[in-house]
Number of protein chains: 2
Amino acid sequence: MARDGKPTRDKILAESKALVLENGFAGTSVDQILERSQITKGAFFYHFKSKADLARTLMDVFSAEDLADLDNALKETAPLIGDPRQRLLKFVQRYVDMMATLEAPYPGCLYGSYSYEPSQFSDEIKQKISDAILTWRSALEEMLDETIKVHGMKIPVDKKSLSDQFVVILEGAFIISKALNEPKLTAEQLKHFKNYLELLFES
Amino acid sequence: MARDGKPTRDKILAESKALVLENGFAGTSVDQILERSQITKGAFFYHFKSKADLARTLMDVFSAEDLADLDNALKETAPLIGDPRQRLLKFVQRYVDMMATLEAPYPGCLYGSYSYEPSQFSDEIKQKISDAILTWRSALEEMLDETIKVHGMKIPVDKKSLSDQFVVILEGAFIISKALNEPKLTAEQLKHFKNYLELLFES
DNA sequence: ATTTTTATACCAACTAGTCTGTTTAATTTT
DNA sequence: AAAATTAAACAGACTAGTTGGTATAAAAAT
């Protein structure tokens with residue numbers, strides 16, 4: 001048999017992700033990755049056939065984790081499925097709580113990072129980002145549908161764009177939280193989204 | 001005296017900004033800027049003493065334009081100062097209308113771009129970004145204060161973070177709009193912020 | 001009014017160093 | 001033995017920045 005390459009590969013992925021969020025992808029050199037990961041060039045190119053291959057893998061891993069977390073949030077709130085309004089609010093609250101624990105601004109989202117240097121990435125990668133965002137849209141739209149069925153809406157608003165607002169606020173809050181160095185800002189912003197939903201679906 | 005260098009300088013700034021939003025700052029080479037601007041290296045380094053100098057100038061120009069536009073929006077809505085709720089809503093609607101005219105996703109905001117490769121920029125530049133965002137916060141907070149004095153709030157919410165939400169939604173919407181290639185998304189997202197304010201300050 | 005000067009604006013070629021990626025041979029771990 | 005990794009040299013393209021010189025146009029001097 002042979003030795004296990006997974007720890008090395010995981011270390012490369014973790015350090016690369018952090019570096020990309022600090023420097024941008026184009027601004028991160030392979031040599032920087034080697035230094036942070038404490039590995040050699042041979043090891044890097046053993047695991048990734050190119051820097052572009054790393055970019056793709058980073059996004060694959062990130063989006064898989066992101067969507068797995070969405071899935072968890074849906075499952076955790078599934079018991080409230082009989083009260084869709086409560087379920088929706090609980091879902092949002094889960095992310096409020098998550099962001100409220102941060103002691104430093106969230107280091108950033110690869111969707112946002114990649115979107116600000118789009119020419120560096122292939123269409124395949126951009127498609128993956130788009131797919132992930134649309135998965136969030138669908139998940140929230142379904143919860144909204146159920147809620148509207150039961151409660152109606154205080155004022156008529158566009159359902160699709162309301163679904164998008166969750167991700168929009170997250171992405172925006174990550175940027176502003178970093179720019180102002182205010183770790184709690186993201187949780188506060190999500191709380192406003194929850195407020196908005198509460199006002200829209202008053203009981 | 002001598003010939004006028006302003007057109008050249010302006011061309012460099014315009015093309016650089018576009019390139020930075022496409023490739024990121026680190027991902028944009030001076031040679032690329034030369035090619036797009038149809039100038040030579042000598043001309044570039046005549047106008048900017050380094051690439052870092054360009055980064056600083058780009059942000060100076062961008063934030064100045066951004067804050068000038070904020071100032072315009074405040075002045076345009078100043079006649080409604082006697083009805084602070086209407087003024088606030090009109091202020092937001094102005095940006096809804098502006099974003100609704102876009103036929104392609106907004107190319108991006110330099111605050112967001114710079115925030116996703118923070119190591120590339122000096123503290124001075126980051127301070128400029130922070131100052132600009134805080135200026136937005138103050139402007140909205142003042143309008144909110146006046147509105148609350150007259151109308152109160154339907155539910156108690158944090159005023160400072162509510163002020164921030166305008167910029168948060170803009171930044172987030174720029175990213176998601178680009179990622180999904182949906183030009184109208186930004187206007188729709190701002191509309192939700194307006195809805196939220198209307199629900200908070202029902203008459 | 002014509003020539004000369006001057007500061008600015010700009011160009012083309014060059015330099016020193018960095019970038020990603022390759023190669024090779026030896027070594028370690030299971 | 002097979003897989004994972006080190007170490008180091010190397011190539012070719014690209015990087016930011018420099019240099020020495022030239023073009024332009026207005027002002028100054030004649």
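Lettering of chains follows the sequences in order, A, B, ..., and the numbering in each one begins at 1. Bear in mind that the values here come from a model prediction, so they are computed numbers and not experimental data.
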Filter on salt bridge (Lys or Arg N to Asp or Glu O under 4.0 Å), then keep only pairs touching residues 163-176 of chain A, sequence neighbours left out; what's left? Arg137(A)-Asp164(A)
In the structure I gave you, are the side-chain heavy atoms of Asn72(B) and Arg94(B) within less than 4.5 Å of one another anywhere?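 Touching, per the 4.5 Å side-chain cut-off.
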In the structure I gave you, are the side-chain heavy atoms of Leu185(B) and Ser161(A) within less than 4.5 Å of one another anywhere?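 Heavy-atom side-chain distance check fails, nothing below 4.5 Å.
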What is the separation between atom [atom1] on [X] and atom [atom2] on [N], rounded to the nearest whole Å?
{"X": "Asp31(B)", "N": "dC11(C)", "atom1": "CG", "atom2": "C1'", "result": "14 Å"}
{"X": "Asp53(A)", "N": "dT20(C)", "atom1": "CG", "atom2": "P", "result": "15 Å"}
{"X": "Asn23(B)", "N": "dC14(D)", "atom1": "CG", "atom2": "C1'", "result": "15 Å"}
{"X": "Asp10(A)", "N": "dT5(D)", "atom1": "CG", "atom2": "P", "result": "11 Å"}
{"X": "Gln38(B)", "N": "dA12(C)", "atom1": "CD", "atom2": "P", "result": "11 Å"}
{"X": "Ile39(A)", "N": "dT29(C)", "atom1": "CD1", "atom2": "C1'", "result": "17 Å"}
{"X": "Gln32(A)", "N": "dC19(C)", "atom1": "CD", "atom2": "P", "result": "7 Å"}
{"X": "Phe44(A)", "N": "dG21(C)", "atom1": "CZ", "atom2": "P", "result": "8 Å"}

Looking at dG21(C), dA12(C), dA9(C), which one has an atom nearest to any side-chain atom of Lys51(A)?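 The closest nucleotide is dG21(C).
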Nearest-neighbour nucleotide for the Ala43(A) side chain, dT6(D), dG17(D), dC11(C) considered: dT6(D)
If the threshold is 4.0 Å, N to carboxylate O, is there a salt bridge linking Lys75(A) and Asp71(A)? yes
State whether Lys191(B) and Glu188(B) are salt-bridged, where the test is any N-O pair (Lys NZ or Arg NE/NH1/NH2 against Asp/Glu carboxylate O) under 4.0 Å. no
Apply ring pair (Phe, Tyr, Trp, His ring centres under 6.0 Å) to the pair Tyr116(B) and Tyr114(A), showing each step before the final yes or no. CA-CA 9 Å; Tyr116(B) 264 112; Tyr114(A) 280 31; 9.9 Å; no
What orientation do Phe25(A) and Phe121(A) show, parallel under 30°, tilted 30 to 60°, or perpendicular over 60°? tilted
Sort me out a list of protein N/O and nucleotides 18-20 of chain D N/O pairs below 3.5 Å, or just none if empty.
none

Under 4.0 angstrom, heavy atoms only, what part of the nucleic acid is Ser29(B) near: base, sugar-phosphate, or nothing?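 If one applies the 4.0 Å heavy-atom cut-off, Ser29(B) turns out to touch the sugar-phosphate alone, with no base involved.
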Please determine if a side-chain N or O atom of His47(B) lies less than 4.0 Å away from the OP1 or OP2 oxygen of dT8(C).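 It does not, given that no N or O in the side chain of His47(B) lies less than 4.0 Å from OP1 or OP2 of dT8(C).
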Contact under 4.0 Å: Thr8(B) side-chain N or O vs dC10(C) OP1/OP2: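 For dC10(C), OP1/OP2 do have a side-chain N/O of Thr8(B) under 4.0 Å.
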Starting from the 5' end of DNA chain C, give me the residue, Ala52(A) or Thr40(B), whose nearest nucleotide shows up first. Thr40(B)
